[in-house]
There are 2 protein chains.
Amino acid sequence: MPQPPLPPSQPTAGRHTRLERAEGDLQHCLLCDRSRGGLCNGVDRDGLEALAHSSRRLVLPPGSTMVEEGQTAEAFFNITRGTVKLFKSLPDGRRQITGFADPGQFLGLSRSGLYAFGAETVDTVHACRFQRPQFEALLNDQPDLKRNLLAAVTDKLAEAQEQMLLLGRKTAREKVASFLLGRAQAEQTMRGDTPPDPMPVASVPMTRVDIADYLGLTIETVSRTISALRREKLIASTENHGIRLLSPDALRQIATGQGAG
Amino acid sequence: MPQPPLPPSQPTAGRHTRLERAEGDLQHCLLCDRSRGGLCNGVDRDGLEALAHSSRRLVLPPGSTMVEEGQTAEAFFNITRGTVKLFKSLPDGRRQITGFADPGQFLGLSRSGLYAFGAETVDTVHACRFQRPQFEALLNDQPDLKRNLLAAVTDKLAEAQEQMLLLGRKTAREKVASFLLGRAQAEQTMRGDTPPDPMPVASVPMTRVDIADYLGLTIETVSRTISALRREKLIASTENHGIRLLSPDALRQIATGQGAG
DNA sequence: CGCGCGCTTGACATAAATCAAAAGGCGTGG
DNA sequence: CCACGCCTTTTGATTTATGTCAAGCGCGCG
């Protein structure tokens, strides 16, 4: 458990060094691109036009700040490529990453009018940005959009509850195993099609600092734990900052607290 | 941080012994009672009739199970009196309480059709229950209801993010201070009217076990920490399982990691 | 080719967990 | 009404998982 006077976890600076993930084509925005259906879709022809006019495509380098905690909430985003980290911080710099937003995810809802969290790109991110007033107006016009958004937020809430269980009650080993499984799931969801589950690979574009801040651990503990899993041949590193899950079942056991060892 | 083979945290058995909180009158359901406006209200005359017919009033004793993790999601609740705990568990019995639902709160949304969490009453709870299909039908008819529900879930998500920061990055002392402030806030919200902030009292109807499972600590650590705060004259116990905050500002400092000591 | 940054590994420190026991509350039954 | 018994809570002693401090390594970039 962390001690009060922690050195601030620095925001990840330029990791331009990291290879770009060799994903397929640029993904399209789930909201304003008419060639796709998707989670948040539910927009009729007129709405589509409105969205197309009020939206703007963005390409952001790694380490870009997308929203700042406490800022007035002016925009709503749909991620189309890359990964964004969402986080909350304490005044002394301690930080908790509350989630990673992968392609297809939205980001930027707020009830108070101020963002309750910060968001920063992990790698190069493509996103579609909507101005808040226009987006909210649209929300009122488009009942299906509203329903899909409600469903999406409900999902996020369930994820958050799962993460609370992890943060409050899991050991370091269980946390790391859970994280890897989640990232493998994310990888698979991103590709969507492709074969089901031969030997999954976790997409890990983030640094150890980010992983530690996500799991409520230190980078040393994360590193040691990953090393241990590698030593035990449960995982193996790939090129491209991926981690191959050599024994997903064993990892699942560990992640749910039933792990041997 | 918890170790793997923890003894199961038992669900609170009969604590019928606890005094009933002497709240004012029975609260009304925010959804189906026409005499009030409120968070989730946004229902027209016809909707109100539909709600009134599909809803049922419940009175549940302390320790009642309202929903079970993994169960098919058949109902949606609005709490009108008392406090409910929501939680997730690991197979070996470790448990994380993800939140407490006080009067005015809803509970029971699910996207998958299965509840992702368990819910159990802390004290005597009055609630209004809606059957899921009827509730969902209504949701489609009532755009304002949908919008209010979206806002409510968005709030819950922000709360969850705050709790993740607490679980992952705060010390025991900071966790307890945050908890007490949150409960004082809940107490004030419940009363709604009444004077603003003379010397707040935290409503603490739950046991040490529940507090520990909410904060990701053990009961011993919770007890020791509360004792320390009491020794330091920052808090004092009241009758009725309340805790008076003698120095809310100092507690706020502690809760945000700026605490002296 | 050497500096900086991210990662790993080792040695040691500590906040919180675990183990243990006593003290306080409350209902029950004599 | 009091005494017994079952919980819950508190407090103390000790252990431990994880944090902290400190090198050292690898790799890309200037």
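Here is how names work: the chains are called A, B, and so on, in the same order as the sequence lines, proteins then strands, and each is numbered from 1.
Taking CG of B/N78 as the reference point, atom OG1 of B/T80 lies at 7.0 Å (rounded to 0.5 Å).
Under a 3.5 Å cut-off, the side chain of A/R183 and the backbone N or O of A/S203 do form a donor-acceptor pair.
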Give every pair of a protein N or O atom and an N or O atom of nucleotides 10-13 of chain D that lie under 3.5 Å apart, one pair per line with the distance.
{"from": "D/dT10", "atom 1": "OP1", "to": "B/R208", "atom 2": "NH2", "distance (Å)": "3.2"}
{"from": "D/dT10", "atom 1": "OP2", "to": "B/R208", "atom 2": "NE", "distance (Å)": "2.6"}
{"from": "D/dT10", "atom 1": "OP2", "to": "B/R208", "atom 2": "NH2", "distance (Å)": "3.2"}
{"from": "D/dT10", "atom 1": "OP2", "to": "B/S223", "atom 2": "OG", "distance (Å)": "2.7"}
{"from": "D/dT10", "atom 1": "O5'", "to": "B/S223", "atom 2": "OG", "distance (Å)": "3.0"}
{"from": "D/dT11", "atom 1": "OP2", "to": "B/S227", "atom 2": "OG", "distance (Å)": "2.5"}
{"from": "D/dG12", "atom 1": "N7", "to": "B/R224", "atom 2": "NH1", "distance (Å)": "2.8"}
{"from": "D/dG12", "atom 1": "O6", "to": "B/R224", "atom 2": "NH2", "distance (Å)": "3.2"}
{"from": "D/dA13", "atom 1": "N6", "to": "B/R224", "atom 2": "NH2", "distance (Å)": "3.4"}

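Closest approach of B/Q96 and A/G168 over heavy atoms only: OE1-CA, 3.4 Å.
Regarding A/L217, its CG atom lies at a distance of 18 Å from the P atom of C/dA15, rounded to whole Å. Following rounding to the nearest Å, A/R173 (CZ) and D/dA17 (P) show an atom-to-atom distance of 13 Å. Atom CZ in B/R94 sits about 19 Å away from atom P in C/dA16, given to the nearest Å. Across the protein-nucleic acid pair, B/D213 atom CG and C/dA16 atom C1' stand 15 Å apart, rounded to whole Å. One interatomic measurement links the two molecules: CG of A/L229 to P of C/dC7, which rounds to 17 Å at whole-angstrom precision. Taking atom CZ of A/R169 as the reference point, atom P of D/dT18 lies 13 Å away to the nearest angstrom. One atom, NE2 of B/H241, and another, C1' of C/dC26, lie 10 Å apart when rounded to the nearest Å. Straight-line distance from the CE atom of B/M206 to the C1' atom of D/dT8: 16 Å, rounded to whole Å.
The side chain of A/T218 places no N or O atom within less than 4.0 Å of a non-bridging phosphate oxygen (OP1 or OP2) of D/dT18.
The residues A/E120 and A/R95 are annotated as not salt-bridged, no charged nitrogen and carboxylate oxygen being separated by less than 4.0 angstrom.
When the salt bridge (Lys or Arg N to Asp or Glu O under 4.0 Å) test is applied to A/E69, the partners found at least two apart in sequence or on another chain are A/K88. Partners of A/E159 according to the side-chain contact (heavy atoms from CB on, under 4.5 Å) rule, which considers only residues two or more places apart in sequence or in another chain, are A/K156.
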